[in-house]
Amino acid sequence: MAEGIKNKVAIIGMGCTKFGELWDRSAESLMVEAFEEAITDAGIEKKDIDAAWFSSCFVENNVGKSAIPLAAALKLPFLPGTRTENFCASGTEAVRAACYAVASGACDIALALGVEKLKDIGYGGLPDFSQLRGIYNRLIYPNMTAPGMFAMMATKYFDRYGLSPEEGKRTLAKISAKSHSNGARNPRAHLQREVSIETILNAPMVAWPLGLYDCCGVTDGSAAAIIVRADRAKEFRTDPIYVKALQIAVSPEEEFRYQKWDGTHVETTVRAAVRAYQEAGIKNPREEISLMEVHDCFSITELVIYEDLLISPRGRAKEDVDSGFYHLDGSLPSNSDGGLKSFGHPIGASGLRMIYEIYKQVQGKCGERQIKNARIGLSHNLGGFPANCVIGITIWGNEL
Amino acid sequence: MVGISACGLYLPRYRLKRETLFQAMGWFNPGIKGMARGEKAIANYDEDSLTMAVAAGRDSFTDMDRAKIDALYLASTTLPYKERGNAAILNEALNLSSDVRTSEYSGPLKAGTSALISALNEAGSQTTLVCATDCRIGKPGGNQEALCGDGAAAIIIGNERIIATFEGHYSLSYDFPDHRRIEGDKFNRSWEERWVREEGYSKTIMEVFHSILRKYGLHLQDIAKVVYPPLSARDHGEMAKSLGLKPEQIQSSLIEEMGHTGCAHPFIMLIGALEEAKIGDKILTISYGGGGDALLFQVTEEIRELKNRSKLKNQLSQKEELKGYEKYLSFRDVLPKEIGIRGEEIAPTSLSLHWRERKSILGLFGFKCKACGTPQFPQERICINPDCGAIDQMEDYPFSDKKGKLFTYTGDNLTFSEDPPALYGIVDFEGGGRYWFDITDCPLETLKVGQAVEMTFRRKYRDRARSLYGYFWKAMPLRE
């Protein structure tokens, strides 16, 4: 295996706007806010930045293709700039690109910034996929949405493990209730209120068996990171976070075109996780990771992620859900900021928002939702559907 | 010897009770109470006359190797495209060879039998699949709405394995303008019903009936069954009296079971007659509309060899009531609904891409890897089997006739569907191959992981802004 990125770069500043249905905010306004917070946090100025990576995904019709919307919003002075797009994992891609550039020595200080302005579409949910999956696929793919594609994994999971729809939905409801509970402790979250299991179970159906509270928010927001070489990080601050792993895996689509995949896990997550643990030198993720921010676009996604990250045994994530293992006060808190479910999901910003929470937790700045002794954090960012997706996994630590 | 080699038919799954029509529109037209008996077959929202023709054509292959077909005729008054080969789409969907000669018959309701006669006249030298199909709609509250049903049938005409020999025909052509539609008309317009019945229906059928008997020197008692379409249930009975038929000579009009299926109706009635015929029976089939045709067949011993002689009976029994008149109107695009901005979003169709990939889109052809034997869809150059990965080792592999098992599924309320929730799932095909498809013709509650499914050709979308219908295949629960 290649030497890897471990300990080569660090994050010295981050910014994240409040997420939500921000009817009165433009993408440009959100980008400026996330950027301002990040450079102030890093103690640098715009002129110190050598290069920028910009992630946005679905709303390119609103925001614009290329890195020009970023350069124009921030008035970046003719800097190198590139847009990264990998569906909902776009934000992690911006960070990965910035880290690689800094690690290579091509630049000293890099900006990664993601934004999404979903609430200018005119209807609920993500933009219709008919425009977004390639013209041939549009003619032969089913009439799908994201909830439906993930719901199919719940159908299969319930069937394989003998869970009645009621049992299965109750397990999933516990995950959503946890996210809402965490979100209620986060002033920047889209949805800041506790929701009971019964409310979750009685909510309208979105895509069987997933109800409204099994689905994450559709949200506007922006987040940003400032990346430098690890050996220079302490020049900027005493508590940077250091990269331990950056891994991306992309599905070749054999999952839904070849009779091998079991439909109850995301193979891409497993592949990326194994590589990330190897890169980070993590032998026992269940013990070594302090907190994780995972791509809970739907409750079933988070359940399956617990297993795919090799933390809960296969088919037994339910036991860890029931025991509170992933709660804020559990052994391995998951989505302490509310996750996609409650913090919200501005697509291009989500990967950066996950790292933002890890950054703040490791620095001990999370107030009511602060995790004790947070040292190693993992982010898991999924773009696409269970059967064909991009997975970005990053691992960060407070020490070199 | 030429004649009928095989038959197939298709009735859509849904039935609408005429009582439902009366309950909805009787306030406006109390006169439809007299017709408020029985039910009519109605196409699902994703069906039209072309998709039904595909289903009927496929049904005929139980008794005929499709490779033997030389020509394909499609008859209907409701084909989706005015200019573009409807029969060519049918040809692709039926996985027939591109050197099959396709032709379309339209205009009057006798277009179906006109196509049949053409095929019979050419049967000495070719095998022809004749598909007749219709999906006509009447204006809300009118008699036509109560009368018309949706359905399709296919008859293979040739010179081998003849189950019923062709004994002759007689044709009349009249410009009897009882019904008409012109460019842009969704509904039929008609003249006074009494005039239609007395001057058109009764006289034309009478004339063609007596003319063919005279032409071939036959007597009424020589004919085992007479097939002629209904105008209404009562008119069909009255006609029998006028013709002097004994009850056992009357082929059931099916008006109360499925409604008048337009061009397809004489075909479906003839198939019904063949299902119950004895060897040696003479069956006279008459069509009406723009004149009329009479065709005389005689049943042979070969009929015993048919794989399935109860297709009509089966399809009449496999049904489900569509409850709600508004849903029917919506399915037929009569009732405008609030479909929302998501529903209004239709991406453009690339027709150059459609042409390039037509075998996969219309014919559901995938590939089978010659190196590892893995069937796969759609057609791509590198084998999907992760342990193979061979490049360009592919041969065509048809999935449309493969049965499968439902690997997983959902019912989606977020996406736009004409009949929410939108059902879709992943199908594992027998013999290999996996893909995801829309699912149709069943409610969400009946779906189960692992259940048996088959493929059906459906209309996937309608792009009004660009005058396009998009067709593809969906999965549906295996029909018995």
Side-chain angles (χ1 to χ4, degrees), chain A residues 121-160 204-212 215 218 252-264 267 300 385-388, chain B residues 340-343 345-350 353-354 356-357 360-361 364 366 374 376-378 380 382-387 407-417 421-426 428-429 432-439 444-445 447-450 460-461 470-475:
Chain A
I121 303 165
Y123 51 87
L126 290 177
D128 197 66
F129 282 119
S130 64
Q131 309 269 2
L132 301 166
R133 58 199 188 203
I135 48 181
Y136 184 29
N137 287 341
R138 190 173 73 76
L139 302 181
I140 60 175
Y141 272 18
N143 181 15
M144 59 168 70
T145 63
M149 295 307 270
F150 285 87
M152 289 200 290
M153 188 160 67
T155 303
K156 192 71 180 175
Y157 191 97
F158 294 177
D159 181 74
R160 176 173 174 187
M205 197 58 75
V206 174
W208 194 91
L210 302 180
L212 182 63
C215 307
V218 172
E253 297 198 331
E254 67 187 47
E255 296 95 317
F256 71 93
R257 293 189 56 216
Y258 184 65
Q259 292 184 15
K260 183 179 175 189
W261 179 56
D262 66 6
T264 63
E267 180 64 21
I300 180 66
F385 307 127
N388 59 340
Chain B
I341 299 172
R342 188 186 289 281
E345 279 199 8
I346 294 183
T349 302
S350 168
L353 180 150
H354 192 278
R356 189 165 62 240
E357 308 291 351
S360 298
I361 296 169
L364 201 64
T374 300
Q376 45 205 287
F377 183 89
E380 296 185 354
I382 301 181
C383 179
I384 192 65
N385 174 357
D387 299 322
F407 177 76
T408 186
Y409 65 90
T410 188
D412 189 336
N413 289 300
L414 178 62
T415 195
F416 172 72
S417 168
L423 306 182
Y424 49 90
I426 296 176
D428 276 350
F429 288 98
R434 171 185 284 183
Y435 204 68
W436 47 29
F437 294 98
D438 290 313
I439 301 170
L444 170 64
E445 296 70 34
L447 291 177
K448 284 187 176 60
V449 171
K460 191 162 165 53
Y461 60 94
Y471 294 96
F472 188 54
W473 295 79
K474 296 185 179 184

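Every heavy atom of this structure was used, including side-chain atoms; hydrogens, water molecules and symmetry mates were not. Below, chain A is the first sequence line, B the second, and so on; all start at residue 1.
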**OP:** Give me the ring orientation class for A:Tyr141 and B:Trp436: parallel if the planes are under 30° apart, tilted from 30 to 60°, perpendicular past 60°.
**Re:** perpendicular
Original post:
Does the side chain to side chain contact (heavy atoms under 4.5 Å, CB included) test come out yes or no for B:Tyr461 and A:Leu139, once each step is laid out?
Top reply: CA-CA 9 Å; B:Tyr461 60 94; A:Leu139 302 181; 3.1 Å; yes
Original post:
Can you say whether B:Thr374 sits under 4.5 Å from chain A via the side chain, the backbone, both, or neither, judging by heavy atoms?
Top reply: side chain
Original post:
Heavy-atom distance under 4.5 Å to chain A: side chain of B:Phe416, backbone, both or neither?
Top reply: backbone
Subject >> Contact summary for B:Leu414 and A:Gly125, nearest pair of heavy atoms >> reply: CD2-CA, 4.4 Å
Original post:
Under 3.5 Å, side chain of B:Arg342 to main-chain N/O of A:Leu126, donor-acceptor pair present?
Top reply: yes
Subject >> Nearest heavy atoms of A:Gly148 and B:Tyr424, plus distance in Å >> reply: CA-OH, 3.0 Å
Subject >> Atom group of A:Leu212 that falls short of 4.5 Å from chain B, counting heavy atoms >> reply: neither
**OP:** Please determine, among B:Leu364, B:Leu447, B:Ile439, B:Ile426, the option with the most heavy-atom pairs under 4.5 Å with chain A.
**Re:** B:Ile426
Original post:
Under a 4.5 Å heavy-atom cut-off, does chain A meet the side chain of B:Phe472, its backbone, both or neither?
Top reply: side chain
Subject >> Nearest-0.5 Å distance that lies between atom OG1 in B:Thr410 and atom CZ in A:Phe150 >> reply: 12.5 Å
Original post:
Of all heavy-atom pairs between B:Phe377 and A:Arg257, which one has the smallest distance, and what is that distance?
Top reply: O-NE, 2.6 Å
Subject >> Heavy-atom closest contact (B:Asp412 atom, A:Met144 atom, distance) >> reply: OD2-C, 4.2 Å
Original post:
Which heavy-atom pair separates A:Trp261 from B:Arg434 by the least distance, and what is that distance?
Top reply: O-NH1, 3.0 Å
Original post:
So, for B:Lys460 and A:Ile140, which heavy atoms are closest and what is the spacing to 0.1 Å?
Top reply: CE-N, 4.4 Å
Original post:
What residue in B:Gly432, B:Ala422, B:Gly340, B:Pro378 has the most heavy-atom pairs under 4.5 Å with chain A?
Top reply: B:Pro378
Original post:
Quick check: does any side chain N or O of A:Gln259 sit under 3.5 Å from a backbone N or O of B:Phe429, one acting as donor and the other as acceptor?
Top reply: yes
Subject >> Proximal component of B:Leu444, with respect to chain A [non-hydrogen, under 4.5 Å] >> reply: side chain
Original post:
Of all of A:Ile135, A:Thr155, A:Asn143, which one pairs up most often with chain B through heavy atoms under 4.5 Å apart?
Top reply: A:Asn143
Original post:
Less than 4.5 Å apart, any side-chain heavy atom of A:Arg138 and any of B:Thr349?
Top reply: yes
Original post:
Can you find a pair of side-chain heavy atoms, one from B:Gln376 and one from A:Tyr258, that are under 4.5 Å apart?
Top reply: no
**OP:** Tell me, for A:Asp159 versus chain B, whether the close heavy atoms (under 4.5 Å) come from the side chain, the backbone, both or neither.
**Re:** side chain
Original post:
Should A:Tyr157 and B:Thr408 count as side-chain neighbours, where that means a heavy-atom distance under 4.5 Å?
Top reply: no
**OP:** With a 4.5 Å cut-off on heavy-atom pairs, point out which of B:Gly433, B:Ser360, B:Gly366 contacts chain A the most.
**Re:** B:Gly433
Original post:
Relative to chain A, which segment of B:Pro386 carries a heavy atom at a distance below 4.5 Å: side chain, backbone, both, or neither?
Top reply: both
Original post:
Non-hydrogen atoms of chain B under 4.5 Å away: do they reach the side chain of A:Asp262, the backbone, both or neither?
Top reply: backbone
